[in-house]
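See structure below.
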Amino acid sequence: MPSMKEMRTVKYYSGLLQFCQRSQKLAFSSYFGSMGCIMTMFQISVYVFMKELPKAYEPFKYEENIYKHWEESGFFNPDVCIEKGITDKDAESFSIVLPPPNVTGTLHIGHAVMLAIEDVMVRYHRMKGDKTLWVPGTDHAAIATQEKVERMLWNDEKKTRHDLGREVFLKRVEDFAQDSHDRIVNQAKRMGTSLDWSREYYSLDEDRNLAVRTAFNIMYDMGLIYRGDRIVNWDPKMQSNVSDIEVVRTEEKAPFYYFQYGPFVISTARPETKFGDKYVVMHPDDERYAKYKHGDTFECEWINGKVTATIIKDDSVDPAFGTGVMTITPWHDATDFFIAERHNLEKEQVIDFDGNLLPVAEEFAGMNILDARPKIVEKLKAKGLLVKVDEEYVHSIATNSRGGGLIEPQIMKQWWVDVKKKFTLEHSHIEGITDGQDVSLQELLQHVVNTKQIQILPDRFEKQYFNWVDNLLDWCLSRQIWYGHRVPAWYRGDDVYVGIDAPEGEGWTQDSDTLDTWFSAGMFSFSPFGGVEGKSEDQKNYHPTSVLETGYDILTFWVVRMILMTTCLRGEIPFKTVYLHGLVRDEQGRKMSKSLDNIIDPLDVSEKFGTDAVRLSLMVGSSPGNDSKLSEEKIGSYRNFANKLWNISRFILMNIENPVTDVKRPEAQTLSDAWILDELNLVIMHYHLYIKKYSFSQAAELLQNFTWNTLADWYLEIAKIEGNKSEILNFILNNLLKLWHPFIPFVTEAIWQSVYESAEMLMVQKMPLFDKEHFVEGANVQMHGFGLIRDIITNIRSLRSEKNIEPGKEVGIVIVCGEEQAMLDENAVLIRGLARVGSLTVTGDESAKPEQASTAVVGSITLHLDLAGAIDVDVEKTRLQKEIDHVSPYVMQLEKKLSNKEFVDNAPEAVIAVEKKKLNDATQKLTALQEQLAML
RNA sequence: GACCAUAUAGCUCAGAUGGUUAGAGCGCUACAUUGACAUUGUAGAGGUCCGUGGUUCGAAUCCACGUAUGGUCACCA
């Protein structure tokens with residue numbers, strides 16, 4: 001590793017350089033001017049030497065080694081941290097189960113966000129001293145993975161899974177899953193994740209399978225899992241039923257046909273389902289059809305001849321839709337199914353499981369429904385039964401979100417979870433639910449969020465949660481795909497055996513169905529720690545987990561299922577907080593997709609800009625639950641930041657004599673020392689507050705602002721002038737690296753290991769704590785004092801810039817002040833150096849003002865930039881007038897406010913005091929400016 | 001149709017519990033460049049805080065209505 005170690009050897013030269021600078025009395029950086037001849041020799045040596053050092057941080061040279069080093073240390077595993085005395089064994093626990101990526105391919109930028117946010121939390125808590133565990137895993141994602149492999153199989157070999165058979169096909173899927181897994185793990189490591197790989201799990205491995213079988217068995221015994229004929233979303237293409245959430249609806253324009261059906265006109269977009277229709281349904285209160293009574297029958301001509309139809313009155317019919325009359329197809333429509341259930345009507349299958357018409361369609365039997373549709377319309381038209389066609393009709397069609405198959409509702413025997421049925425919760429660790437209380441799964445779901453035992457962030461997603469949970473329907477568990485956990489049920493004749501193991505004896509066969517992938521996923525808060533019983537040490541230590549961090553798009557898919565399974569099986573909440581992050585979009589706000597070719601691959605950009613830059617760009621500027629936009633430009637700007645931190649460290653390293661890790665707040669020697677120490681302390685205070693409330697973006701921005709705008713732009717420049725900052729710079733660097741580490745682990749660790757060679761690695765150092773002792777509430781005199789110096793310097797620079805004075809040229813300044821005299825004298829060297837002042841006069845005597853000057857006012861202090869005859873009076877007048885025009889409305893506004901009796905009577909005293917001070921300052925400034933103008 | 005969110009500088013976004021002359025980064029303009037750092041520095045320009053009402057001594061912030069954009073759910077015979 002080319003490292004900053006070597007830079008230590010430069011220190012000798014830089015020390016000499018500093019000495020010489022100081023000996024010149026007017027300390028200034030070489031930017032501002034020439035050094036004496038004496039300096040040249042040293043300068044050259046330093047320069048030449050540094051040429052050989054890495055001036056820029058090059059992430060790719062460090063990242064891999066650093067990760068390896070972390071991994072080999074074992075510190076990702078909390079047991080090792082305890083064993084080595086880094087973490088106290090009685091410390092508080094902090095645990096996260098990584099939402100396991102699907103083994104469908106590679107990690108995308110959305111995973112990178114998740115990994116970055118969770119790693120920040122985990123590293124922060126580990127450094128805070130908590131017993132911290134972050135468990136990795138991958139998910140078999142049954143439907144998604146099988147669909148992907150089937151697609152590949154068809155594209156490459158023109159074969160279906162049935163051509164291979166269950167066993168061979170599953171082997172293919174497993175090989176594919178293994179490849180994906182390996183790639184995913186590598187990618188996660190590249191992102192710097194401090195996951196405990198020794199505890200890694202797979203959602204379909206032995207232990208998880210046992211958990212699934214046990215859970216199914218328990219819930220069956222409780223009567224919560226049942227087998228029944230219900231209408232399901234059948235995908236003829238995939239040959240499986242899928243759940244409601246896996247179905248996507250898209251709007252489509254389709255011809256809408258009106259047909260004569262006996263005395264009624266009925267309408268449909270799907271004439272092919274109408275063969276078996278023999279019920280006409282209308283609203284009971286519909287006046288138009290009052291003469292028809294519920295249960296009346298009539299005979300009429302229909303597609304394939306005469307049918308007898310029965311009249312049904314049901315208030316689910318909307319009289320305003322179409323003609324207010326409809327026929328029903330209970331086997332292929334959910335609404336119709338429930339009407340038929342209510343009135344105990346016959347149901348008949350019309351379409352088979354491949355999407356072809358059954359014999360009931362007679363001459364159309366065997367035809368695909370889409371081919372048959374126009375032919376059926378043609379036939380009805382020929383019979384004079386077609387009344388009209390609405391070509392502008394828009395309805396939504398249902399497709400399978402995986403694979404895009406057109407959904408055909410079918411009635412099938414499937415396994416279900418009854419979410420409304422009361423059961424007895426034997427052992428409850430849930431507040432407000434007692435042991436042995438009767439509850440339903442739906443009630444549990446409502447209860448734990450209502451009582452805030454589980455907090456959802458941002459809280460507006462609670463609305464969405466309840467919207468879903470309050471309208472919860474039974475959960476269809478079984479799928480007819482092959483990849484996944486098998487339904488642990490066995491049959492013999494009509495007997496059903498549900499148990500963990502296959503029963504003894506002849507004639508039993510296992511259900512060939514598999515389970516919804518979310519059934520196993522619903523147990524991920526505890527199944528990675530062992531079985532359903534919850535007896536392992538890990539379960540005792542780390543469950544419920546602290547946080548579930550995931551994207552808001554799977555709130556209903558996964559979060560709800562986890563709460564359901566965990567409260568039911570364990571009588572516990574799965575996690576205390578749900579933190580939902582937003583989606584990452586491209587710079588135009590579009591979703592990233594292959595077809596738009598706007599995908600940002602986390603590995604590509606990590607290689608290009610460094611992992612730290614990628615992580616920061618995903619954290620900063622994004623808030624919980626809100627989508628964020630990402631561009632390479634943005635990542636580039638954080639690459640710049642990492643480099644800035646690197647160079648700040650380079651500089652500091654050259655200026656500290658003895659890098660020590662055991663740091664206490666050093667004594668301040670100067671005003672600026674006191675100021676920077678107080679600033680740092682404030683930063684630490686806010687940093688912890690922000691992380692506590694999950695405002696990671698704000699925490700990072702705070703650090704960035706301190707690092708760049710406070711430390712680099714001001715204090716390091718001051719250090720060059722005041723010198724002798726070894727102890728204080730060591731203290732700042734030490735703290736800064738620790739604070740930054742959770743966000744940008746690689747660059748901070750690289751710097752740390754170069755600076756503090758013999759110390760334990762940064763990832764297990766103790767996080768700096770807010771120093772209450774040195775915090776002065778409200779008016780911090782020292783900070784205020786330095787603020788004045790800073791304002792004076794900025795104002796002088798501003799005057800220089802306005803007067804177009806070359807940056808290198810020294811200027812004469814007269815400062816007229818009052819009680820600040822002593823402080824200004826003390827810090828005159830800073831004003832000289834940082835504002836490039838040659839002759840500086842600090843006085844209480846107003847007449848010391850130069851003949852011709854440009855003037856600025858800072859508080860009660862007046863600055864005069866000596867223009868030594870070069871003043872353009874008109875320009876100066878304009879400038880002062882502009883400044884007066886800016887300040888006087890402000891003064892008036894404040895005067896008005898303070899003379900308003902209602903304000904003075906009602907506003908809190910502190911607010912009034914602040915306003916008074918503002919007015920006082922502004923009035924002083926205005927007066928001074930007016931005086932200066934008058935004198936010109 | 002129900003519910004939710006968002007609207008602040010050219011762009012991306014910060015702005016707990018009402019009290020700022022409304023902030024940052026990028027971009028833009030001018031100037032600088034042997035420096036720890038051009039992956040840089042200094043100084044600037046740039047805003048009707050979506051609109052209209054209201055509450056209040058005081059509103060970017062709270063309330064109502066409206067407009068635009070996005071999302072979740074439901075319906076679609």
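The figures here come from the full heavy-atom set of this structure, side chains too, leaving out hydrogens, waters and symmetry mates. This structure is a prediction, so every number in the text was calculated from the model and none was measured. In what follows, chains are A, B, ... by sequence order, proteins preceding strands, each numbered from 1.
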Taking only the [atom1] atom of each, what is the distance from [N] to [M] in whole angstrom?
N	M	atom1	value
B:rU20	B:rA64	P	24 Å
B:rC49	B:rA7	P	14 Å
B:rA68	B:rU55	P	28 Å
B:rG46	B:rA59	C1'	24 Å
B:rU34	B:rA16	P	44 Å
B:rA45	B:rA30	C1'	10 Å

Mind checking if A:P908 touches a base, just sugar-phosphate, or nothing, with heavy atoms under 4.0 Å?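 Contact class for A:P908: base.
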Touch check for A:D713, heavy atoms < 4.0 angstrom, all strands: base, sugar-phosphate only, or nothing?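 Sugar-phosphate contact only.
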A:R373 side chain near A:P271 side chain, heavy-atom distance below 4.5 Å: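 Of all side-chain heavy-atom pairs linking A:P271 with A:R373, at least one is under 4.5 Å.
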So, is A:S798 close to the B:rG44 phosphate, meaning a side-chain N or O under 4.0 Å from OP1 or OP2?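 Yes, because at least one side-chain N or O of A:S798 sits under 4.0 Å from OP1 or OP2 of B:rG44.
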Does B:rG25 have its OP1 or OP2 closer than 4.0 Å to a side-chain nitrogen or oxygen of A:K634?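 No, A:K634 has no side-chain N/O under 4.0 Å of OP1/OP2 on B:rG25.
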Under 3.5 Å on both distances, the Watson-Crick or G-U partner of [N]:
N	value
B:rA43	B:rU29
B:rU21	none
B:rA59	none

Got a donor-acceptor pair under 3.5 Å from the side chain of A:K463 to the base of B:rC3?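 When only heavy-atom distances are counted, A:K463 does not reach the base of B:rC3 through any donor-acceptor pair under 3.5 Å.
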Take atom CZ of A:F461 and atom C1' of B:rG70, then tell me their distance rounded to the nearest Å.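 That distance rounds to 12 Å.
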Could you work out, with ring pair (Phe, Tyr, Trp, His ring centres under 6.0 Å) as the rule, every residue matching A:H283, not counting sequence neighbours?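 Checked A:H283 against ring pair (Phe, Tyr, Trp, His ring centres under 6.0 Å); zero matches.
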